[in-house]
Amino acid sequence: MDHSNYVIDQMISAKSIAARVEELAEEISAKYADTDKLVVVGLLRGSFVFISDLVRELDLPVEVDFLETSSYGNSTESSREVRILKDLRGEIEGRDVLVVEDIVDTGHTLNHVLHMLESRQPKRLDVCALLDKPSRREVDISASWTGFEIPDEFVVGYGIDYAQRNRNLPYIGKVRFIES
Ligand code: IMP
Ligand code: MG
């Protein structure tokens with residue numbers, strides 16, 4: 001039973017997401033057509049649905065790895081402090097690496113992750129983000145591929161949570177808090 005006082009309004013349908021994922025996968029497959037084996041790095045936990053759909057549309061040899069950074073906890077505000085909670089299992093030196101992120105918000109998470117991965121000297125390092133909130137950016141950073149640009153709203157679904165809930169929604173919804 002959910003006693004929290006908010007409702008979720010659909011923002012991006014499951015069908016729209018699927019269509020966009022297909023487009024992104026086509027562009028990524030074309031760009032990496034000559035790779036030996038692309039290392040697709042999912043940032044846990046928010047990207048787990050996106051990465052699973054994306055890799056199944058890639059027409060490339062891929063390796064899948066995961067990295068977990070500290071999150072906002074149960075708040076909607078960024079702590080700005082990013083820590084690595086779980087590192088990659090594999091080596092990325094000299095490899096083609098694609099980081100898959102759920103949302104680029106202030107940009108602090110991605111900035112930190114990219115600096116850390118860059119120091120391991122991959123051959124190529126790109127980012128594919130499902131969502132982008134450009135109006136919230138505090139660090140000058142952008143993904144090579146973005147699924148959808150969205151306004152400054154708190155969203156859930158398709159892997160993305162609010163206080164560890166709603167990751168299992170098949171669509172992206174906007175959280176609307178209601179007075180009680
Ligand atoms: P950044 O470091 O501010 O760019 O934050 C990025 C991370 O914050 C994302 O990977 C999400 O995990 C989380 N985040 C940002 N916006 C939202 C949101 O609207 N809903 C849920 N999580 C969010
Ligand atoms: Mg995240």
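Start at 1 and go down the list; that is how both ligands and their atoms are numbered. Everything numeric here is computed off the predicted structure, so don't read it as measured data.
- Under 4.0 Å from ligand 1, the heavy atoms of Asp102 that appear belong solely to its side chain.
- Less than 4.0 angstrom separates some heavy atom of Lys133 from each of these atoms of ligand 1: 16 (N), 17 (C), 18 (C), 19 (O).
- Residue Glu153 touches ligand 1 through its backbone alone, judged by heavy-atom distances below 4.0 Å.
- By the 4.0 Å heavy-atom criterion, Gly107 is counted among the residues contacting ligand 1.
- With a 6.0 Å cutoff to the six-membered ring centre and a 45° limit on the axis angle, Arg124 counts as a cation-pi contact of Tyr32.
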Criterion side-chain contact (heavy atoms from CB on, under 4.5 Å) on Ile28 and Leu98, from CA distance to verdict: CA-CA 9 Å; Ile28 293 166; Leu98 178 70; 3.9 Å; yes
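- Residue contacts with ligand 1, taken as heavy atom pairs separated by less than 4.0 Å, involve Ile160 solely via side-chain atoms from C-beta onward.
- The distance from ligand 1 to the heavy atoms of Asp161 drops below 4.0 Å at these ligand atoms: 21 (C).
- Between Arg89 and Asp65, no side-chain nitrogen of the basic residue sits less than 4.0 Å from a carboxylate oxygen of the acidic one, so the salt-bridge criterion is not met.
- A salt bridge does not link Asp140 with Arg137: every distance from a Lys NZ or Arg NE/NH1/NH2 to an Asp or Glu carboxylate oxygen is 4.0 Å or more.
- Electrostatic pairing of Lys174 and Asp9 does not count as a salt bridge here, judged by no charged N lying under 4.0 Å from a carboxylate O.
- Considering Thr109, Thr69, Ile141 only, the shortest heavy-atom separation from atom 2 (O) of ligand 1 involves Thr109.
- When atom types are taken as modelled, the side chain of Asn5 and the backbone of Ile178 share a donor-acceptor pair closer than 3.5 angstrom.
- The proximity of Arg136 to ligand 1, defined as any non-hydrogen pair under 4.0 Å, does not occur for either the backbone or the side chain.
- Proximity of Leu110 to ligand 1 is not established, as no heavy-atom distance is less than 4.0 Å.
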